[in-house]
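Numbers restart at 1 for each chain; the letters A, B, ... are given by sequence-line order, proteins then strands.
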Protein chains: 2
Amino acid sequence: MLDFPRMEKDAPQYETIRRHYLFAGLDDGVFEALAANISVEAYDKGEILFHRGDPAHDFFFTETGQVELSLISPEGQKKVVEVIGHDRTFAEAIVFMRERVFPVTAEAISDTVVYRIPNDTYRKMLSDDTDACMRLLSDVCRHLHQRVREIERLTIQNARSRLSSYLIDHVVDTDDDEATVRLDLPKHIIASRLSITPETLSRLLRSLADEGILTVDDRLIFVHSLARLRPYD
Amino acid sequence: MLDFPRMEKDAPQYETIRRHYLFAGLDDGVFEALAANISVEAYDKGEILFHRGDPAHDFFFTETGQVELSLISPEGQKKVVEVIGHDRTFAEAIVFMRERVFPVTAEAISDTVVYRIPNDTYRKMLSDDTDACMRLLSDVCRHLHQRVREIERLTIQNARSRLSSYLIDHVVDTDDDEATVRLDLPKHIIASRLSITPETLSRLLRSLADEGILTVDDRLIFVHSLARLRPYD
DNA sequence: AAGCCTGATTGACACAGGTCAAGGCACTTC
DNA sequence: GAAGTGCCTTGACCTGTGTCAATCAGGCTT
């Protein structure tokens, strides 16, 4: 991990993070004070940012790269909860958690640059700014809703339906009943996100292809019939 | 559903809800104004408070009874996400959701009295009170964390481990390695919360009993060895 | 070009947990 | 007290998905 201790005001990142909706509404002075406490860090692919259970003093903003948030069972089995990409914050919910430890493990799955934002600085800032508070609230509520939907997918949908949902969520181009999907992640990580094994993912794609519903070309998938792909009509 | 249009200031409920931590910090005047918009409703067992997808204008506080929050698959399969009991609020996250519809269905599973609190009134109140904002934030963050743990349970734990966790969470009395658990819900609802069928729940309890780990006496379970029950050592 | 990774695919097999059907037990209702 | 109803249990059977192992393809390294 490479650490650039402070974020300079003239750094190119300064404006990037400034524009993020959790910061966008802040007064210049307030943001500057906050920025003085934000540090920039670079991680290589495979490096761990933090482990589940580590004390959590900061949250993060991803400038470039991808960070995988995962849970690991005592037997060493891993489940990817979410993958955070460009221009997104993560672990911001622990700003307000009673238990001040990370509930997940974070690993860079490509070379990654993040900004580390201290919780207490941010919290102090919030206590003077109801608008910022409200923005964070709606952010956290959106996350909560996503998690409820995830639970729904895991329980009342089977593996095939979950894959269909995933594909539909990642359509890059659509034309009536046809669509193109670009897989932005290695298949084994997609499998883990869907809580299936890579083998099952491979077999599911195979059987969808055999049914003529789609064609797989490496990381590109051509869906020939969204209607037939869709889990329920 | 029986509706008592307004909450009277001398109603016995007034103090109950006043003490809830989402309201406790409010000034008397502010709370009174809010209370003027809170209505009290009584539901019989089996009645639906709202369906998933219904427009969400209010959130709720449960005074007595139990409310089941569930997801229903297109095939009619139901998954209980959570059961809300006495003195707890629910659906408070939709106060800040972009999409203003309930993400779950709520059904009274016993005779229930709830207070209905309008979102916009509460939101308006929040915009003047950073402390209240912070409290709600930590509340929602706690929920979020619970959901992450639930996802963990569903994915990297099997049915037996999930049952063990549930039992351990519901211990009413413990003595060294032994414990007593009281099941506060009908078994079929517990099964759904654990995302298993009632048949599987029954069989799991049976096999734990056969292994001598516990004894089942109707709604009371005597755990003879917490160590052997516990999913991981 | 040869050798190595890492990731993806395929096949054979196993098993956890679901489905379907039957029956038991405790309550209520008439 | 007969019949009905809701909840739980048990058995027989089935199936989706995981496990294990072998193979393959593509991209790096030397």
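- Listed by first and then second residue, the salt bridge (charged side-chain N to carboxylate O under 4.0 Å, His left out) pairs that reach into residues 204-216 of chain A are A/Arg160-A/Glu211, A/Arg206-A/Asp210, sequence neighbours excluded.
- Residues passing the side-chain contact (heavy atoms from CB on, under 4.5 Å) test with A/Ser195 are A/Lys79, A/Leu154, A/Arg162, B/Thr155, sequence neighbours excluded.
- Applying the salt bridge (Lys or Arg N to Asp or Glu O under 4.0 Å) criterion to A/Glu68, with sequence neighbours excluded, gives A/Lys78.
- The side chain of A/Thr197 contributes no N or O atom lying less than 4.0 Å from OP1 or OP2 of D/dT17.
- The NZ atom of A/Lys79 sits 11 Å away from the P atom of D/dG18 (whole-angstrom rounding).
- Less than 4.0 Å separates DNA chain C from at least one heavy atom of each of the following residues of residues 206-220 of chain A: A/Arg206.
- The main-chain N or O of A/Leu226 is found under 3.5 Å from a side-chain atom of A/Asp177 such that the two form a donor-acceptor pair.
- The only member of B/Phe23, B/Tyr115, B/Tyr21 that meets ring-ring contact (aromatic ring centres under 6.0 Å, His included) when paired with B/Phe61 is B/Tyr115.
- The number of heavy atoms from other shown groups lying within 6.0 Å of CD (B/Gln146) is above 12.
- Remark: A/Arg100 pairs with no residue by the salt bridge (Lys or Arg N to Asp or Glu O under 4.0 Å) rule, at least two apart or across chains.
- When atom types are taken as modelled, the side chain of B/His20 and the backbone of B/Thr16 share no donor-acceptor pair closer than 3.5 angstrom.
- A heavy atom lying under 4.0 Å from DNA chain C marks the following residues of residues 182-195 of chain B, by number: B/Ser195.
- In this structure, A/Ile156 atom CD1 and C/dG18 atom P are separated by 14 Å, rounded to whole Å.
- Residue B/Pro198 has its side chain nearest to D/dT9 when only D/dG18, D/dT9, C/dG18 are considered.
- Inspection of the B/Ser164 and B/Ser161 side chains reveals no N or O donor paired with an N or O acceptor under 3.5 Å.
- Checked by atom type and distance alone, the side chain of B/Thr200 never pairs as donor or acceptor with a backbone atom of B/Leu204 at under 3.5 Å.
- Between the NZ atom of B/Lys45 and the C1' atom of C/dT28 there is a distance of 12 Å, given to the nearest Å.
- For residues 73-101 of chain B, the pairs satisfying ring-ring contact (aromatic ring centres under 6.0 Å, His included) are B/Phe60-B/Phe90, with sequence neighbours left out.
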Enumerate the protein-to-nucleotides 20-29 of chain D contacts in which both atoms are nitrogen or oxygen and the separation is below 3.5 Å.
| unit_1 | atom_1 | unit_2 | atom_2 | d |
| --- | --- | --- | --- | --- |
| D/dC20 | N4 | A/Glu199 | OE2 | 3.1 |

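- The distance from atom CE of B/Met97 to atom CZ of B/Phe102, rounded to the nearest 0.5 Å, is 10.0 Å.
- Within the structure, salt bridge (charged side-chain N to carboxylate O under 4.0 Å, His left out) contacts touching residues 84-93 of chain B (residues at least two apart or in different chains) are B/Glu82-B/Arg88.
- As rounded to whole Å, 11 Å separates atom P of D/dC8 from atom CG of B/Leu205.
- From A/His145, atom NE2 reaches atom CZ of B/Arg147 across 11.5 Å, with rounding to the nearest 0.5 Å.
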What protein N or O atoms touch nucleotides 13-15 of chain C N or O atoms at under 3.5 angstrom, if any, and at what distances?
none

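- At C/dT9, one or more side-chain N or O atoms of A/Ser202 fall inside 4.0 Å of OP1 or OP2 (strictly under the cut-off).
- DNA chain D forms stems at C:1-30 with D:1-30, each a run of 3 or more consecutive Watson-Crick or G-U wobble pairs whose two key distances fall under 3.5 Å.
- Screening residues 154-187 of chain A for ring-ring contact (aromatic ring centres under 6.0 Å, His included), with sequence neighbours left out, gives A/Tyr166-A/His170.
- Separating the CG atom of A/Leu204 from the P atom of C/dT10 is a distance of 12 Å, rounded to the nearest angstrom.
- The CG atom of A/Leu163 sits 12.0 Å away from atom CZ of A/Arg193, with the distance rounded to the nearest 0.5 Å.
- Rounded to whole Å, atom P of D/dG18 lies 11 Å from atom CG of A/Asn158.
- For B/Ile196 and C/dT19, the CD1 to C1' distance is 15 Å, given to the nearest whole Å.
- Among the atoms of the strands shown, none is found under 4.0 Å from any heavy atom of A/Leu201.
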